[in-house]
Amino acid sequence: MAGAPVILGVVALAVAVLCYGVAGSRLSAGAQEAGPVLRSASWWTGTALQGGGFLLAFVARRDLPLLVVQSAVVAALAVTAVLQQVAGVRRFSRIDALALVGTVAGLALLGAATVPGPAGGRESTVLVWSAGLAVVTAAGLLLPPRAWLLGVLAGVGFSVAAVGARTVVSRLPADWWRFWDLPALVWVVGAVTAAGLLLGQAHLTRGLAAAPAVPVLATMYVTSTVVPAALGHWLLDERMRAGWGPVAVVGCGLALAGALQLLRGERTDGRLSPAGGGPRT
């Protein structure tokens with residue numbers, strides 16, 4: 001059945017969204033607990049769920065366009081927001097709710113306007129771009145913490161992982177468990193992919209340690225959709241559907257406007273502020 005792999009990819013993607021959504025709430029709770037974050041059960045639960053979400057999204061990337069997967073994962077932002085609303089962690093105003101819907105809807109439009117391309121055969125080019133972005137993301141660890149900056153850096157790190165994962169999964173043989181047969185260059189791309197994940201997680205944890213989850217996550221998700229969109233277009237031959245250019249532009253505009261609205265009021269003198277109010281000490 002020709003559509004079976006696509007159905008599997010869609011189901012895997014839906015479960016990945018739930019994993020990422022719950023992970024965002026748990027990571028935020030764990031990052032704001034007193035003491036080292038590595039001793040937080042909530043943070044480790046969130047990290048485990050995030051890992052599960054990445055593996056499920058990895059399955060989806062085999063048969064779905066890179067940008068479709070990235071934009072669909074943004075729905076996890078809504079899951080996190082609902083969980084925090086129910087738990088009373090943060091009450092969203094009507095404007096915040098509209099901004100949240102705009103962010104998710106905008107990125108969904110951007111994803112719908114894209115068709116997949118062949119990801120294989122470009123490993124060396126992908127490696128150069130991914131390694132360069134990973135270095136930039138690592139250097140960002142030295143910069144002062146700001147809400148938008150941490151969200152962007154986390155998004156760049158996860159973008160490196162997304163592009164690398166798309167490249168690796170495109171080279172998996174039919175007997176996928178024989179991963180040891182992959183070329184050495186693909187293994188190197190896989191190592192950079194893992195580095196992107198770790199760097200993205202580091203920046204995300206820094207942001208969630210001192211700021212409300214949704215604004216930081218919104219900025220991260222916008223970045224981790226727009227950057228792979230550009231790389232997918234340049235490196236993986238992903239293209240816009242005929243006549244869908246205006247839709248992609250509107251989607252990108254909605255997503256950016258929504259993320260910027262969610263960021264408003266979350267900084268104090270340009271610094272991050274915690275969910276509960278004043279500066280964290």
Side-chain angles (χ1 to χ4, degrees), residues 1-30 41-87 89 100-101 103-112 114 116 119 154-155 157-170 172 174 176-177 179 190 193-194 196-198 200-201 204-205 208 213-214 216-218 220-225 228-229 232 255:
M1 181 178 177
V6 175
I7 293 173
L8 174 62
V10 171
V11 171
L13 186 55
V15 181
V17 168
L18 292 176
C19 286
Y20 277 127
V22 179
S25 178
R26 292 291 79 209
L27 285 170
S28 178
S42 295
W43 186 86
W44 280 110
T45 300
T47 299
L49 285 168
Q50 201 171 32
F54 179 80
L55 290 176
L56 288 164
F58 187 87
V59 173
R61 286 186 180 100
R62 185 176 179 88
D63 297 289
L64 298 177
L66 171 64
L67 188 54
V68 168
V69 175
Q70 291 303 106
S71 59
V73 166
V74 178
L77 180 63
V79 175
T80 301
V82 169
L83 289 174
Q84 293 202 325
Q85 180 83 6
V86 171
V89 174
L100 180 63
V101 171
T103 302
V104 175
L107 293 177
L109 289 175
L110 191 58
T114 306
F158 290 132
S159 294
V160 170
V163 174
R166 173 78 170 122
T167 303
V168 171
V169 77
S170 70
L172 288 178
W176 57 267
W177 56 87
F179 54 85
T193 298
L197 280 174
L198 292 174
Q201 188 74 352
L204 179 59
T205 299
L208 295 178
V214 171
V216 176
L217 289 170
M220 180 199 77
Y221 280 130
V222 170
T223 304
S224 64
T225 301

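This chain uses plain numbering: 1 for the first residue, then up along the sequence.
- When all heavy atoms of L208 and A213 are compared, the closest pair comes out as CD2-CA, 3.5 Å.
- Summarising the geometry of L217 relative to L77, their closest heavy-atom pair is CB-CD1, 3.7 Å, with the distance given to 0.1 Å.
- Side-chain contact between L18 and V22 is absent, with no heavy atoms from C-beta onward closer than 4.5 Å.
- In this structure a side-chain-to-backbone donor-acceptor pair under 3.5 Å is present from T80 to G21.
- Between F158 and L197, the shortest heavy-atom distance links the atoms CE2-O, 3.7 Å.
- Nearest heavy-atom pair across A154 and L204 is CB-N, 3.8 Å.
- The side-chain hydrogen bond (donor to acceptor under 3.5 Å, both in side chains) search around Q201 returns T47, Q50, not counting sequence neighbours.
- When all heavy atoms are compared, the tightest approach of C19 to L56 is SG-CD1, 4.2 Å.
- Taken to the nearest 0.5 Å, the CG atom of L198 stands 11.0 Å off from the OG1 atom of T193.
- Closest approach of Y20 to Y221, counting heavy atoms only: CB-OH, 4.0 Å.
- Remark: L27 CG to W44 CH2 distance equals 11.0 Å, nearest 0.5 Å.
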